[in-house]
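In this text, all values refer to a predicted model and were calculated from it rather than measured experimentally.
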Amino acid sequence: MQTLSPTERTAIAHLDAAAILARTERWCAINSGTRHLAGVAAMASGLVDAFSALPGDIALVDPAPVDAVAADGRVTGIDHGRHLRLTVRPDARVQLLLTGHMDTVYPVDHPFQSLRWRDDGALNAPGAADMKGGLSLMLEALLAVEAAGAAFGYQVVINSDEETGSLSSAALLAEAARGKIAALTYEPALPDGTLAGARGGTGNFSLVVAGRSAHAGRNPEEGRNAIVAAADLALRLNGAKGVGLAVNPARIEGGGPNNVVPDHAVLRINFRPADRDAIARAQAAIDRAVADVAAAHDVAIHAHGSFNRPPKPIDAGAARLFDLVKAAGADLGQSIAWRATGGVCDGNNIAACGVPVVDTMGARGGAIHSADEFLIVESLAERAALSAVTMLRIADGALA
């Protein structure tokens, strides 16, 4: 440690590496796949108990309504778990936002359910890096700055649906971002500690095609083949890809017996725009393809979906925050670098609110979203120290 202030040293001295790990192991043992509502509720309860050690008001917030398109084209509501919100010193001059997610990508019937120690000392467990280790070290950093006499205000939002797009928590995140000087989000860093810098955006769409059924042999000309129309849609939209815009037609659902002209289909498609101009191009391509295919095939098409994660560029405010994190890391003996990524997270949504954010303040780890997911255990205390020093310096006016 080099140029740490007495307050920063006091905070670091309060960090408890064993406690961070014990919480991480306990939380990894809870299956909290986004759609496993009982597991998400159990995880939320554990988080409330743990984060209640901090001052302020804590609550579980009901999810906003979310619709989904079924394979048969019907639009129905889907349920989500509640989201945690903690508010501490809302009247303080400096206000920060810290966010994370309690859900994982592993459903209740996924074979990856247990914890295992690898020979290299890493922890292989569902959600270990993404992001139960991050939640645990976030809490430890907050406990440490409170013990050091922190006087800044902050909100913590831990949502239950980040892995499926944060559709039921987007409004909560936007509300929490208001008035904040900066935000820290606890997605995992790369194994070497590299942070995510600029991020592209994402948009997921379900295009529902309604055709007309007919006998495939007796009177096919009277039918309107929804599968063919959906395939035409996929090809046209795939042609919209180019510099700054990736397009992935992912699935066509629908159809039936071979002797029936299919009268319904659903095209699932993902767009990855690098910037807002690319979003505009993608939306124009969707509108054009829907109109042209509907006319060419005499079918009805309804588009459902949105660009729910705007691109996250590194603007001047974000650059200052990254530089502050890098300097804090240097004073702790940690080398901090960052690079652009095609992945998305709640950092995209926060940045779209005009708040500078570093969204990979969590543990070092890798192979996330797979049964090989691992957490580098020594990074828990290391990254908690990075968070504590970063928050204290923001509170002292380092971003002013």
Would you give me the side-chain donor-acceptor pairs under 3.5 Å for residues 314-329, sequence neighbours excluded?
unit_1 : atom_1 : unit_2 : atom_2 : d
D315   : OD1    : G317   : N      : 3.3
D315   : OD1    : A318   : N      : 2.8

For [X] and [Y], which I'm curious about, is there any donor-acceptor pair between the side chains at under 3.5 Å?
X: E222; Y: N219; result: yes
X: N248; Y: N270; result: no
X: N349; Y: R309; result: yes
X: H304; Y: S206; result: no
X: D161; Y: S169; result: yes

Judged by atom type as modelled, is there a donor-acceptor pair below 3.5 Å linking the side chain of [X] to the main-chain atoms of [Y]?
X: S45; Y: A41; value: no
X: R116; Y: N124; value: no
X: N308; Y: G165; value: yes
X: Q95; Y: A92; value: yes
X: N348; Y: V344; value: no

Are the side chains of [Y] and [X] in contact, using a 4.5 Å heavy-atom criterion?
X: T99; Y: Y186; result: no
X: D120; Y: F374; result: no
X: M361; Y: T185; result: no
X: R85; Y: F51; result: no
X: L123; Y: E25; result: yes
X: R364; Y: P191; result: no
X: L97; Y: Y154; result: no
X: R212; Y: N225; result: no

Do [X] and [Y] belong to the same hydrophobic cluster, where Ile, Leu, Val, Met, Phe, Trp and Tyr are linked whenever their side-chain heavy atoms lie under 4.5 Å apart, directly or via other members?
X: I158; Y: L172; answer: no
X: V61; Y: L98; answer: no
X: L137; Y: L54; answer: yes
X: I78; Y: V266; answer: no
X: V377; Y: L135; answer: yes

ILVMFWY clustering at 4.5 Å (side-chain atoms), partners of F205: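 Result for F205 is L207, V209, I227, L233, L237, L245, V247, I252, L267, I269, F271, I279, I286, V290, V293, V299, I301, F307.
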
Ionic contact status for [Y] with [X], cut-off 4.0 Å:
X: R224; Y: D298; result: yes
X: R236; Y: D232; result: yes
X: R268; Y: E253; result: yes
X: K132; Y: E373; result: no
X: E146; Y: R89; result: yes

Please list every donor-acceptor pair under 3.5 Å in which a side-chain atom of residues 10-21 meets a protein atom from a residue at least two apart or in another chain.
unit_1 : atom_1 : unit_2 : atom_2 : d
T10    : OG1    : P6     : O      : 2.9
H14    : ND1    : T10    : O      : 2.9
D16    : OD1    : A18    : N      : 3.2
D16    : OD1    : A19    : N      : 3.1

Can you tell me how far apart [atom1] ([X]) and [atom2] ([Y]) are? Round to the nearest 0.5 Å.
X: R82; Y: S168; atom1: CZ; atom2: OG; value: 12.5 Å
X: L392; Y: T7; atom1: CG; atom2: OG1; value: 7.0 Å
X: I394; Y: I181; atom1: CD1; atom2: CD1; value: 7.0 Å
X: S160; Y: D79; atom1: OG; atom2: CG; value: 10.5 Å
X: Q155; Y: T87; atom1: CD; atom2: OG1; value: 3.5 Å
X: H83; Y: S166; atom1: NE2; atom2: OG; value: 8.0 Å

Who passes side-chain contact (heavy atoms from CB on, under 4.5 Å) against A196, sequence neighbours left out?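 side-chain contact (heavy atoms from CB on, under 4.5 Å) list for A196, sorted by chain: R199, T341, D359, T360.
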
R118 atom CZ: more than 12 heavy-atom contacts under 6.0 Å: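 More than 12 within 6.0 Å, yes.
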
Write down the atom of [X], the atom of [Y], and the distance for their closest heavy-atom approach.
X: L380; Y: G133; value: CD2-O, 3.7 Å
X: E8; Y: S5; value: OE1-N, 2.9 Å
X: V157; Y: A176; value: CG2-CB, 3.7 Å
X: G255; Y: P262; value: CA-CB, 3.6 Å
X: R276; Y: P310; value: NH2-CB, 3.8 Å
X: S379; Y: A363; value: OG-CB, 3.6 Å

Should V66 and H80 be marked as a side chain to side chain contact (heavy atoms under 4.5 Å, CB included) after you check the CA-CA gap, both sets of side-chain angles, and the distance that decides it? CA-CA 8 Å; V66 177; H80 290 89; 3.8 Å; yes

Identify, with sequence neighbours excluded, every residue that meets ring-ring contact (aromatic ring centres under 6.0 Å, His included) alongside Y106.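 Here the qualifying residues are H110, F112.
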
Could you walk me through whether S387 and E140 satisfy the side chain to side chain contact (heavy atoms under 4.5 Å, CB included) test, starting with their C-alpha distance in whole Å, then the side-chain angles of each, then the deciding distance to 0.1 Å, before giving a yes or no? CA-CA 9 Å; S387 279; E140 193 67 21; over 6 Å; no

Applying side chain to side chain contact (heavy atoms under 4.5 Å, CB included), run through F152 and M391 and close with a yes or a no. CA-CA 9 Å; F152 61 93; M391 286 189 280; 4.0 Å; yes

Under the side-chain hydrogen bond (donor to acceptor under 3.5 Å, both in side chains) rule, what do S32 and D103 come out as? Steps first, then yes or no, please. CA-CA 5 Å; S32 56; D103 62 325; over 6 Å; no

side-chain hydrogen bond (donor to acceptor under 3.5 Å, both in side chains) between T194 and D192, worked out: CA-CA 6 Å; T194 299; D192 66 357; 2.8 Å; yes

Hey, could you give me each pair passing salt bridge (Lys or Arg N to Asp or Glu O under 4.0 Å) that has a residue in residues 56-76? Not counting sequence neighbours.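 Matches after skipping sequence neighbours: D72-R74.
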
Quick one, M102 with L47, criterion side chain to side chain contact (heavy atoms under 4.5 Å, CB included). Give me CA distance, side-chain angles, the key distance, then yes/no. CA-CA 9 Å; M102 66 183 79; L47 290 170; 3.7 Å; yes

Under the side-chain hydrogen bond (donor to acceptor under 3.5 Å, both in side chains) test against H101, which residue among D346, D130, T34 passes?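 Single side-chain hydrogen bond (donor to acceptor under 3.5 Å, both in side chains) partner of H101 among D346, D130, T34: D130.
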
